[in-house]
Undergrad: 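This structure is in structure tokens; I'll ask about it shortly.
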Amino acid sequence: MTARGAALVARQEIRTRLRTGRWRVLLAVWFVLVNGLGLAFRLALEADYDPGDGHPGVPMFGGVLLGVLVLTLLVTPAFGAQSINGDRERGTLATLQVTRLTPGDIAVGKLAAAWGAGLVVLLLTAPCLLWPVAEGAIGAGRAAVVLLVTALLIGVVCALSQGWSALLARSITSVLMSYLTVFGLIVGTLLLFMIAIPFTAERHVDGYNEQHEERIWWLLAPNPAVVLADAAPSLPKRRVVAGDQVLLVSPPGDPLGEISRDVRGLRMEDDHLYGSRENRPPVWPYGLAFDLALGAGAVWVSAARLRTPLHRVPKGVRIA
């Protein structure tokens, strides 16, 4: 694989996408919809604002970011789920395969084009995401970290969608499997964790059932929302005067911080002994590593399925 070959394929993919004018309308609708929802969320927060709840930009940033993550991951499969089998159905894939381009060039180039489209979708949500940063409610470092993690997760979903496109002959089937994969990562991991909780229970002699969630915390680790929330740096603590004592407490109303504390607490058998988030072991390195490994495996599968000559052609699929 060469960088020049992959870039050539990526440019060709982007030109192909730009030939259709519908993408401009879809991006405009996406921009208005997401930022409109973000503005409405901010107005709702300010309508019920209490000075004791901290800056409204904190819950706005976390809430909008989680919403953007889910919506973007639901849109992203459309960019890569037909990139290989769609070209094969149209008879244009063979044009690339008979050139000096390697299977790795084609796979990585198509992934780069799909990932780039996903990043453009993420970029269009910047106004509502960077609003709290401009106000000073969220630090630029925290915003940069969570946006980087979101970009990596978008790349993972693009790679998985392309992997299904390489494995399955029909584009409609690969699109369906791509959306099921996203559903499995977002919702399936949570359902699997909840189903597994009863199996960790130990019955004591006094009839009390003790659940050991620290044994199955890893089931939640690949969840994109968990990875994003746990990877977000902690907000600066606030000074609170309680009697004759000055306490340092985390700012209230931070969705990312609350999710992070909860999932980190799952790793501890006695999580109430470790009150602060910093005293609990992180979860996001394991989840992000798992997701990146899935994505890398999908890229390898894509390249392997693009090797020629083909020994078996699916029924009804055109070669050229």
Side-chain angles (χ1 to χ4, degrees), residues 1-23 26-27 72-73 75-123 151-182 185 290-320:
M1 188 194 76
T2 63
R4 184 174 179 274
L8 182 64
V9 175
R11 286 196 299 270
Q12 180 63 30
E13 283 285 307
I14 293 173
R15 291 195 189 99
T16 303
R17 296 173 191 270
L18 293 180
R19 290 196 187 107
T20 60
R22 290 178 297 176
W23 66 272
L26 294 175
L27 291 180
T72 305
L73 294 186
V75 172
T76 299
F79 301 138
Q82 303 180 62
S83 59
I84 294 177
N85 54 15
D87 285 357
R88 185 176 283 125
E89 289 175 355
R90 292 186 292 269
T92 58
L93 182 63
T95 305
L96 291 176
Q97 291 177 303
V98 297
T99 65
R100 297 177 62 183
L101 294 171
T102 66
D105 293 336
I106 300 174
V108 174
K110 287 180 174 291
L111 173 61
W115 194 359
L119 294 180
V120 170
V121 169
L122 177 63
L123 181 63
L152 290 175
L153 293 173
I154 291 174
V156 168
V157 173
C158 288
L160 293 174
S161 301
Q162 182 173 286
W164 284 120
S165 179
L167 279 174
L168 302 174
R170 301 301 177 188
S171 58
I172 185 64
T173 310
S174 61
V175 170
L176 176 61
M177 292 303 300
S178 299
Y179 281 110
L180 287 177
T181 302
V182 173
L185 288 174
F290 179 82
D291 292 338
L292 292 176
L294 276 182
V299 174
W300 180 85
V301 169
S302 300
R305 296 282 291 181
L306 286 169
R307 293 193 180 101
T308 53
L310 289 176
H311 298 288
R312 185 178 65 87
V313 179
K315 184 178 179 181
V317 173
R318 295 171 57 191
I319 298 299

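Computed from heavy atoms alone, side chains included, the values below leave out hydrogens, waters and symmetry copies. In this chain, residues are counted from 1 in sequence order. Quick caveat, the model's predicted, so the values are computed rather than measured.
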Undergrad: Are there more than 12 heavy atoms of other residues, nucleotides or ligands under 6.0 Å from atom OH of Tyr179?
TA: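 For Tyr179, atom OH is crowded (more than 12 foreign heavy atoms under 6.0 Å).
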Undergrad: Which atom names give the shortest non-hydrogen contact between Ala113 and Ala10, and what distance separates them?
TA: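 Reported closest heavy-atom pair: CB-O, 4.0 Å.
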Undergrad: Between Trp164 (side chain) and Gln82 (backbone), is there a donor-acceptor pair under 3.5 Å?
TA: no
Undergrad: Hey, could you give me the NZ/CG distance between Lys110 and Leu306, rounded to the nearest 0.5 Å?
TA: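 Nearest 0.5 Å value for the NZ-CG distance: 8.0 Å.
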Undergrad: Within a strict 4.5 Å, meaning less than it, do heavy atoms of the Arg305 and Ile84 side chains meet?
TA: no
Undergrad: Could you pull out the closest heavy-atom pair between Ala6 and Val108, with the gap in Å?
TA: CB-CG1, 4.0 Å
Undergrad: Find the distance between CG (Leu8) and CD (Glu13) and round it off to the nearest 0.5 Å.
TA: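 The CD atom of Glu13 is 11.0 Å from CG of Leu8, to the nearest 0.5 Å.
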Undergrad: Compare all side-chain heavy atoms of Leu167 with those of Ser174 and state whether any distance is below 4.5 angstrom.
TA: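 Not touching, per the 4.5 Å side-chain cut-off.
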Undergrad: Is any side-chain heavy atom of Leu111 closer than 4.5 Å to a side-chain heavy atom of Val299?
TA: yes
Undergrad: Measuring from atom OG of Ser83 to atom CD of Gln162, what distance do you get when rounded to the nearest 0.5 angstrom?
TA: 4.0 Å
Undergrad: Do Ile154 and Thr72 have side chains that get closer than 4.5 Å, going by heavy atoms?
TA: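 Heavy-atom side-chain distance check passes, below 4.5 Å.
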Undergrad: Any side-chain heavy-atom pair from Leu185 and Leu73 closer than 4.5 angstrom?
TA: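 With C-beta onward as the side chain, the pair stays apart.
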Undergrad: Let's go through Asp105 and Thr2 carefully: what are the C-alpha distance in whole Å and the side-chain angles of both, what is the deciding distance for side chain to side chain contact (heavy atoms under 4.5 Å, CB included) to 0.1 Å, and is it a yes or a no?
TA: CA-CA 6 Å; Asp105 293 336; Thr2 63; 3.7 Å; yes
Undergrad: Flag the pair Met177 / Leu168 as yes when at least one side-chain heavy-atom distance between them is below 4.5 Å, and no otherwise.
TA: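 Answer yes - side chains close enough.
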Undergrad: Looking only at heavy atoms, what is the nearest atom pair of Ala159 and Ala298, with distance?
TA: O-CB, 3.2 Å
Undergrad: If we count only N and O atoms by modelled type, under 3.5 Å, do the side chains of Ser171 and Asn85 hold a donor and an acceptor together?
TA: no
Undergrad: Please check if the number of heavy atoms outside Ile172 that lie under 6.0 Å from its CD1 is greater than 12.
TA: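 For Ile172, atom CD1 is not crowded (no more than 12 foreign heavy atoms under 6.0 Å).
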Undergrad: Taking side chain as C-beta onward, heavy atoms only, is Thr76 less than 4.5 Å from Ser161?
TA: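 Result no, sub-4.5 Å side-chain heavy-atom pair not found.
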Undergrad: When rounded to the nearest 0.5 angstrom, what distance separates CZ in Arg307 from CD1 in Ile106?
TA: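 CD1 of Ile106 is found 11.5 Å from CZ of Arg307.
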Undergrad: For Leu153, run the side-chain contact (heavy atoms from CB on, under 4.5 Å) check against Asp291, Leu292, Leu122 and tell me which one passes.
TA: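 Exactly one candidate clears the test, Asp291.
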Undergrad: Find the distance between CG (Leu119) and CZ (Phe79) and round it off to the nearest 0.5 Å.
TA: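 Taking CG in Leu119 and CZ in Phe79, the distance rounds to 10.0 Å.
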Undergrad: Rounded to the nearest 0.5 Å, how far does OG of Ser302 lie from CG of Leu160?
TA: 9.5 Å
